[in-house]
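What's counted below: heavy atoms across the whole structure, side chains too, no hydrogens, waters or symmetry copies. For the single chain, residues carry numbers from 1 onward in sequence order.
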Amino acid sequence: MARALRIRALQVPPSIILARAAQDRRLADSFSDVSFATWPDAKAMRADLDTGAVDLCIIPTNVAAALYNAGTPIRLLCVNVWGILHVMSHARMTGGWSALRRKRIAVPLKGNMPDTIFSTLAACAGLDLSADVQVVYCDSYLAAQDAVLTGACDAAVLPEPVASSAAALGGFRALDLQQEWATLTGRAPRFPQAGTVIPQDFSSADASSILAVMDDALGWMVANPDAAGALGAPLLGLAAQIIADSLRATTWMSMDAAAAREDLEYFYGVLTATSPALVDGGLPDAGFYNARA
């Protein structure tokens with residue numbers, strides 16, 4: 001007997017992929033019922049994942065690994081989001097990392113992923129955050145955005161779509177941290193930031209069907225950012241144009257979890273070298289990546 005498919009999403013741009021996928025007739029043909037809804041916050045997301053009340057979602061890859069390590073019966077199907085981080089400045093800034101010297105930099109959520117990636121790349125670039133700059137930690141992305149827009153800070157580390165919102169309000173893009181990742185690590189200009197997870201007991205056929213639908217939904221979103229922005233506006237509570245700008249400024253690609261394993265393990269290593277709590281339990285075992293077994 002076919003099972004229901006409960007699709008849930010955080011109020012962030014990847015929800016557009018899931019909303020588009022929920023409209024795909026192939027899912028209706030494979031599952032008895034397909035439902036889509038957004039979570040109000042990360043706490044609700046964790047509750048649904050912990051209790052098995054969701055079947056398909058896109059979440060940060062470090063969160064997925066930590067949940068798997070803790071025994072939550074999920075697997076990673078694919079990685080969709082490969083970088084959303086930018087350094088935004090109050091005034092136009094040239095000169096790369098050296099331009100940040102003696103500046104005040106707003107960094108949201110100390111110890112979280114944006115902080116860790118920025119700190120890691122700054123160290124690779126030869127910037128001592130304890131001596132060369134003044135880091136101002138903020139308790140939210142919006143607080144960091146406000147700090148740079150008002151001039152209270154010279155720059156801020158912001159994820160999409162907040163970075164695009166800041167740009168629309170007069171901020172400037174100073175550093176694309178995806179490109180800096182490539183320059184400073186010698187790897188591709190991307191890092192596996194978020195991916196699709198499904199229950200462990202999904203059949204290989206169901207997982208393959210979902211992956212095909214998700215691939216097509218992501219492809220449609222990238223090819224049609226303005227239409228995708230219109231679809232996402234009521235989900236994110238942002239103007240469609242800001243969402244479209246954010247989609248253009250984000251690195252999107254669908255990669256099967258098994259194929260992405262090397263990228264993920266390198267990324268997890270970078271995160272845990274500075275902030276071990278970001279991947280509780282360390283590297284997940286092979287079962288985490290084998291979503292279609």
Task: Shared hydrophobic cluster for V63 and L283 (ILVMFWY, side-chain gaps under 4.5 Å) - done: yes

TODO: Among D24, I17, L27, find the one that has a side-chain contact (heavy atoms from CB on, under 4.5 Å) with M214.
DONE: I17

Task: Smallest separation among heavy atoms of P13 and L247, with atom names - done: CB-CD2, 4.0 Å

Open item on the list: Do V197 and R75 have side chains that approach each other closer than 4.5 Å (heavy atoms only, starting at C-beta)?
Closed with: no

TODO: Working to the nearest 0.5 Å, report the span between CG of L231 and OG of S15.
DONE: 8.0 Å

Task: Heavy-atom side-chain contact between V54 and L56 under 4.5 Å - done: no

Open item on the list: For a quick test of reading the model, state the closest non-hydrogen atom pair linking V87 to V157 and the distance between them.
Closed with: CG2-CG2, 4.3 Å

Open item on the list: Checking R104 against Q134: is there a side-chain donor and acceptor pair closer than 3.5 Å?
Closed with: yes

TODO: Find out if a path of hydrophobic residues (ILVMFWY) with successive side-chain heavy-atom gaps under 4.5 Å connects L129 to L184.
DONE: yes

- [ ] Grab the two heavy atoms, one from A163 and one from R173, that are nearest each other, plus how far apart they are.
- [x] CB-NH1, 3.9 Å

TODO: Identify whether V270 and L175 are in the same connected component of the hydrophobic contact network (ILVMFWY, side-chain heavy atoms under 4.5 Å).
DONE: yes

- [ ] Using a 4.5 Å cut-off on heavy atoms from C-beta on, say whether the side chain of L100 contacts that of M93.
- [x] yes

- [ ] Mind checking ring-ring contact (aromatic ring centres under 6.0 Å, His included) for W252 and listing every partner two or more places apart, or none if nothing turns up?
- [x] none

Open item on the list: Under the rule for ring-ring contact (aromatic ring centres under 6.0 Å, His included), what residues qualify as partners of Y268, not counting sequence neighbours?
Closed with: none

TODO: Please name all residues satisfying side-chain contact (heavy atoms from CB on, under 4.5 Å) with A47, sequence neighbours left out, ordered by chain then number.
DONE: none

TODO: Using the six-membered ring of W220, assess whether NZ or CZ of R20 lies under 6.0 Å from its centre and within 45 degrees of the ring axis.
DONE: yes

Open item on the list: Between I198 and D55, is there a side-chain heavy-atom distance shorter than 4.5 Å?
Closed with: no

Open item on the list: Determine whether a donor-acceptor pair (N or O, by modelled atom type, separation under 3.5 Å) exists between the side chain of Q193 and the backbone of I84.
Closed with: yes

Task: Side chains of T196 and N80, donor plus acceptor under 3.5 Å - done: yes

Task: Close side-chain approach of Y289 to P284, heavy-atom, < 4.5 Å - done: yes

Open item on the list: Run the side chain to side chain donor-acceptor pair (under 3.5 Å) test against D280 and tell me which residues pass, sequence neighbours left out.
Closed with: none

Open item on the list: Can you tell whether the side chains of K43 and D48 come within less than 4.0 Å, N to carboxylate O?
Closed with: no

Task: Lys/Arg N to Asp/Glu carboxylate O, D115 vs K110, below 4.0 Å - done: no

Open item on the list: Within the structure provided, determine whether I16 and I243 are in side-chain contact (heavy-atom separation under 4.5 Å).
Closed with: yes

Task: Candidate pair D201 and R3, rule salt bridge (charged side-chain N to carboxylate O under 4.0 Å, His left out), full reasoning - done: CA-CA 11 Å; D201 65 353; R3 63 191 292 172; 3.2 Å; yes

Task: side chain to side chain contact (heavy atoms under 4.5 Å, CB included) between L278 and T272, worked out - done: CA-CA 6 Å; L278 285 179; T272 55; 5.6 Å; no

Task: salt bridge (Lys or Arg N to Asp or Glu O under 4.0 Å) partners of D215, counting only residues at least two apart - done: none

Task: All pairs passing side-chain hydrogen bond (donor to acceptor under 3.5 Å, both in side chains) where residues 242-251 contributes a residue, at least two apart - done: E160-S246, D226-R248, Q241-D245

Enumerate, atom names and distances included, each donor-acceptor pair closer than 3.5 Å involving a side-chain atom of residues 140-150, sequence neighbours excluded.
{"from": "S140", "atom 1": "OG", "to": "A143", "atom 2": "N", "distance (Å)": "3.0"}
{"from": "Q145", "atom 1": "OE1", "to": "S165", "atom 2": "OG", "distance (Å)": "3.2"}
{"from": "Q145", "atom 1": "OE1", "to": "A166", "atom 2": "N", "distance (Å)": "3.3"}
{"from": "T150", "atom 1": "OG1", "to": "D146", "atom 2": "O", "distance (Å)": "2.8"}
{"from": "T150", "atom 1": "OG1", "to": "A147", "atom 2": "O", "distance (Å)": "3.4"}
{"from": "T150", "atom 1": "OG1", "to": "A152", "atom 2": "N", "distance (Å)": "3.4"}

- [ ] State, to 0.1 Å, how close T38 and L235 come at their nearest heavy-atom pair, and which atoms those are.
- [x] CG2-CD2, 4.1 Å

- [ ] Would you name the heavy atoms of V34 and A22 that are closest together and state the gap between them?
- [x] CG1-O, 4.0 Å

Task: With F191 via ring-ring contact (aromatic ring centres under 6.0 Å, His included) - residues at least two apart - done: W181, F267

Open item on the list: Between F118 and Y266, is there shared hydrophobic-cluster membership here, with clusters defined by ILVMFWY side-chain heavy atoms closer than 4.5 Å?
Closed with: yes

TODO: Would you indicate whether the side-chain heavy atoms of I59 and M45 approach each other to under 4.5 Å?
DONE: yes

Open item on the list: Distance check, rounded to the nearest 0.5 Å: R8 atom CZ versus I58 atom CD1?
Closed with: 14.5 Å

Task: Heavy-atom closest contact (Q179 atom, P189 atom, distance) - done: NE2-CB, 3.8 Å

Task: I117 and L271, any side-chain heavy atoms less than 4.5 Å apart - done: yes

Open item on the list: Taking M113 as the starting point, is it possible to reach V279 by hopping between hydrophobic residues whose side chains are less than 4.5 Å apart?
Closed with: yes

Task: Summary of ring pair (Phe, Tyr, Trp, His ring centres under 6.0 Å) pairs that have at least one residue in residues 46-88, sequence neighbours excluded - done: Y68-F288

TODO: State which residues pass side chain to side chain donor-acceptor pair (under 3.5 Å) with N112; sequence neighbours excluded, sorted by chain then number.
DONE: none

Open item on the list: Test of understanding: with side chain to side chain donor-acceptor pair (under 3.5 Å), list the residues that count as partners of D41, not counting sequence neighbours.
Closed with: none

Open item on the list: What verdict does the side chain to side chain contact (heavy atoms under 4.5 Å, CB included) test give for L5 and S32, after you've listed the backbone C-alpha separation in whole Å, the side-chain angles of each residue and the deciding distance to 0.1 Å?
Closed with: CA-CA 8 Å; L5 183 69; S32 61; over 6 Å; no

Task: Inter-residue atom distance Q178.CD - L85.CG, 0.5 Å rounding - done: 5.5 Å

- [ ] Working to the nearest 0.5 Å, report the span between CZ of R6 and OG of S35.
- [x] 7.5 Å

Task: All ring-ring contact (aromatic ring centres under 6.0 Å, His included) counterparts of F36, not counting sequence neighbours - done: none

Open item on the list: I'd like to know if D263 and R187 make a salt bridge, using a cut-off of under 4.0 Å between side-chain N and carboxylate O.
Closed with: yes

- [ ] Walk me through it: do L127 and S98 pass the test side chain to side chain contact (heavy atoms under 4.5 Å, CB included)?
- [x] CA-CA 8 Å; L127 193 69; S98 62; over 6 Å; no

TODO: Give, for atom CZ of F202 and atom CD1 of I210, the distance between the pair rounded to the nearest 0.5 Å.
DONE: 4.5 Å

- [ ] Before giving the answer on side chain to side chain donor-acceptor pair (under 3.5 Å), spell out for S89 and D154 the whole-Å C-alpha distance, their side-chain angles and the decisive distance to 0.1 Å.
- [x] CA-CA 6 Å; S89 58; D154 301 290; over 6 Å; no

Task: Separation between CD of E180 and CG of L121, rounded to the nearest 0.5 Å - done: 7.5 Å

